[in-house]
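Below: the structure, in structure tokens.
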Amino acid sequence: MRSPLDRLRHALSFEIIALLLVTPLGAAVFHMPMHEIGVVGVVGASLATLWNMIYNYIFDLGLRRLTGTTRKTARIRVVHTVLFEAGLLVILMPFIAWYLGISLWQAFVMDVSFALFYMVYAFGFNWAYDRLFPLPEWKNSPSAQ
């Protein structure tokens with residue numbers, strides 16, 4: 001399994017790169033000032049970073065218990081990403097509604113839009129991260145990264 005420092009590097013790099021992408025895109029798509037989307041992005045990234053570390057640790061424990069390894073196939077990566085984003089949706093939606101002064105329904109639509117972006121981004125980022133920083137246990141494993 002990954003070390004705590006590796007998990008921290010993963011979580012921080014994931015959120016910093018995502019924030020650089022999602023702030024201008026979100027401001028353009030939702031016709032809101034970039035600073036408002038930026039605040040939502042920074043708070044969202046902070047909560048997501050914490051959730052990322054907790055969720056990935058729990059997911060890897062469960063995966064290792066079920067399969068004997070933390071190596072993820074494409075199918076497992078899809079499940080991993082969908083479950084992560086569903087949990088984050090529940091965490092972020094009330095904050096978005098409150099901060100932007102919008103209805104829960106509007107916050108839900110906005111949050112789902114962000115989640116769709118992040119699901120695609122997370123799939124690609126995590127796959128690339130695992131290729132750049134593979135674990136030694138994967139060296140002799142025949143499964144696809």
Side-chain angles (χ1 to χ4, degrees), residues 1-97 99-100 102 106-145:
M1 290 196 25
R2 295 195 178 277
S3 71
L5 283 176
D6 189 20
R7 289 182 186 281
L8 182 61
R9 174 182 57 194
H10 173 273
L12 290 176
S13 61
F14 178 92
E15 295 303 335
I16 289 167
I17 293 167
L19 196 53
L20 292 172
L21 295 171
V22 81
T23 301
L25 288 172
V29 168
F30 295 110
H31 309 289
M32 294 190 141
M34 199 144 71
H35 71 274
E36 286 187 7
I37 296 298
V39 169
V40 168
V42 169
V43 170
S46 299
L47 291 172
T49 299
L50 180 61
W51 173 238
N52 186 316
M53 293 176 68
I54 293 166
Y55 173 79
N56 283 321
Y57 177 72
I58 293 168
F59 191 92
D60 283 353
L61 279 177
L63 184 61
R64 188 171 64 182
R65 284 188 185 136
L66 287 172
T67 67
T69 183
T70 57
R71 192 168 191 174
K72 297 168 185 74
T73 64
R75 180 182 293 160
I76 291 172
R77 287 181 187 283
V78 170
V79 170
H80 175 267
T81 302
V82 170
L83 290 176
F84 175 85
E85 291 300 334
L88 192 57
L89 180 79
V90 170
I91 294 167
L92 290 178
M93 191 175 67
F95 167 74
I96 292 171
Y99 181 74
L100 296 177
I102 59 178
Q106 290 169 310
F108 175 77
V109 170
M110 183 178 277
D111 205 355
V112 166
S113 300
F114 284 128
L116 291 172
F117 165 82
Y118 272 96
M119 282 196 323
V120 172
Y121 170 73
F123 185 87
F125 177 90
N126 288 319
W127 202 318
Y129 189 89
D130 285 349
R131 289 213 177 269
L132 287 171
F133 305 104
L135 290 175
E137 72 182 67
W138 299 343
K139 195 175 231 178
N140 298 321
S141 177
S143 299
Q145 281 189 25

key: CA sep, side-chain torsions, deciding dist, call: L61, R64, side-chain contact (heavy atoms from CB on, under 4.5 Å)   = CA-CA 5 Å; L61 279 177; R64 188 171 64 182; 3.9 Å; yes

message = What verdict does the side-chain contact (heavy atoms from CB on, under 4.5 Å) test give for V43 and Y99, after you've listed the backbone C-alpha separation in whole Å, the side-chain angles of each residue and the deciding distance to 0.1 Å?
response = CA-CA 10 Å; V43 170; Y99 181 74; over 6 Å; no

Step-by-step side-chain contact (heavy atoms from CB on, under 4.5 Å) determination, F59 to I76 = CA-CA 10 Å; F59 191 92; I76 291 172; 3.9 Å; yes

key: Chi angles and distances behind the side-chain contact (heavy atoms from CB on, under 4.5 Å) call for L88, F114   = CA-CA 10 Å; L88 192 57; F114 284 128; over 6 Å; no

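Ring pair F14/Y118 is tilted by interplanar angle, where 30° to 60° counts as tilted. Classification of the H10-Y129 ring pair by plane angle, with boundaries at 30° and 60°, yields perpendicular.
Considering every non-hydrogen atom in both F123 and A74, the closest pair reads CE1-O, 4.1 Å. Residues S13 and F125 share a closest heavy-atom pair of OG-CZ, 3.3 Å. Taking each heavy atom of L63 and R71 in turn, the nearest pair found is CD2-O, 3.9 Å. Residues R2 and W138 approach most closely at NH2-CH2, 3.5 Å, considering heavy atoms.
With a 6.0 Å cutoff to the six-membered ring centre and a 45° limit on the axis angle, R7 does not count as a cation-pi contact of Y57.
Between atom CE of residue M1 and atom OG1 of residue T69 there is a gap of 11.0 Å, rounded to the nearest 0.5 Å.
Side-chain contact between N126 and H80: present, with at least one pair of heavy atoms (C-beta onward) separated by less than 4.5 Å.
Checking side-chain atoms of N52 against main-chain N and O of A11 turns up no donor-acceptor pair under 3.5 Å.
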